[in-house]
Amino acid sequence: MRKTFIAGNWKMNLTKQQATELGASIADAVSQTNDIDIAICPSFGYLDSVGTALGESTVKLGAQTLNANDAGAFTGEISGPMLCDLGCSVVILGHSERRELFAETDQLVNEKVKAALTHGLHVILCVGETLEQRESGQTNDIVGGQLVGSLANITTQQMASITIAYEPIWAIGTGKVATPQQAEQIHAHIRGLLVNHFGDSVAQATRIQYGGSVKPDNAQELLAQPNIDGALVGGASLDCESFMQIIRHG
Ligand code: PGA
């Protein structure tokens, strides 16, 4: 039985005060629900204060990317050890905005995954196709290529520290959510690939989140699908009440 995992990706949003207050409200609201895993991922600059606001809460603190190197001359970057130092236990890697806007390749994402695991961070690995790729029938191949490339040389043991997030790019921030059937189909495909690469028990234990315009009114049906084990939530995670409503459907 896979434990539902809901994560909020705050992207490059909020002020320090808003982020800290949102973290505190979520920690407060979550104190009664501990049967699912919850993480929030503020921007780097607010990790410290949001981490403090979370206090002893079971809500995990996550980052939105990292640099694969531990330290050195990488202006503007942040490393795995730094994220750990700031109290993070989760990191989102390979988000489509990183892949598209910052030219992250599967190879680079793979290096980041390995670095994150070395430092004990739990990885949310994102994969997903564009609208054009979907319309030309390439979804399975694109998602499969990203998955296999980003997980190259990852061991079956390490898979215990990885969650996959299927995020169709055409559904991110657009209000166009994948239907539960469309999402379930790709999630089942991803689980099939995990069976091929890591064996059945790893594949059955790995959580696959759906992401892309998840809102309180569509979360229930998405999360009811057999291969959808959680959600990676962008816009709707910026409001405590809407994030909590999604969590209550988990
Ligand atoms: P959205 O973003 O929920 O705003 O569509 C999801 C994501 O990019 O992780």
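Both counts, for ligands and for their atoms, begin at 1 and track the order of listing.
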| field | For Thr65, side-chain hydrogen bond (donor to acceptor under 3.5 Å, both in side chains) partners two or more places apart | value |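 Per chain and number, Thr65 pairs via side-chain hydrogen bond (donor to acceptor under 3.5 Å, both in side chains) with Lys112.
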| field | Partner residues of Ser150 under the side-chain hydrogen bond (donor to acceptor under 3.5 Å, both in side chains) criterion, sequence neighbours left out | value |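 Testing Ser150 for side-chain hydrogen bond (donor to acceptor under 3.5 Å, both in side chains), a comparison that skips the adjacent residues, returns Arg99.
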| request: Scan side-chain atoms only and decide if Asp106 and Gln146 contain a donor-acceptor pair under the 3.5 Å cut-off. | output: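 Side chains of Asp106 and Gln146: no pair found under 3.5 Å.
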| message | Looking at every heavy atom in both Asp229 and Thr206, which two are closest together, and how far apart are they? | response |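 Residues Asp229 and Thr206, closest heavy atoms: OD2-O, 3.7 Å.
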| message | So, using ring pair (Phe, Tyr, Trp, His ring centres under 6.0 Å) as the criterion, who are the partners of His122 when residues are at least two apart? | response |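 For His122, the residues satisfying ring pair (Phe, Tyr, Trp, His ring centres under 6.0 Å) (neighbours in sequence not counted) are Phe5.
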Could you go through ligand 1 and list every pair where one of its N or O atoms sits under 3.5 Å from a protein N or O, giving the atom names and the distance to one decimal?
from     : atom 1 : to     : atom 2 : distance (Å)
ligand 1 : 2 (O)  : Lys11  : NZ     : 3.4
ligand 1 : 3 (O)  : Ser213 : N      : 3.4
ligand 1 : 3 (O)  : Gly234 : N      : 2.9
ligand 1 : 4 (O)  : Gly235 : N      : 2.8
ligand 1 : 5 (O)  : Gly173 : N      : 2.6
ligand 1 : 5 (O)  : Ser213 : N      : 2.7
ligand 1 : 8 (O)  : Lys11  : NZ     : 2.7
ligand 1 : 8 (O)  : His95  : NE2    : 2.7
ligand 1 : 9 (O)  : His95  : NE2    : 3.3
ligand 1 : 9 (O)  : Glu167 : OE1    : 3.4
ligand 1 : 9 (O)  : Glu167 : OE2    : 2.7

| request: Would you indicate whether Glu221, at its atom CD, is surrounded by more than 12 heavy atoms from other residues, nucleotides or ligands within a distance under 6.0 Å? | output: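 At most 12 heavy atoms, drawn from other residues, nucleotides or ligands, come within 6.0 Å of this atom.
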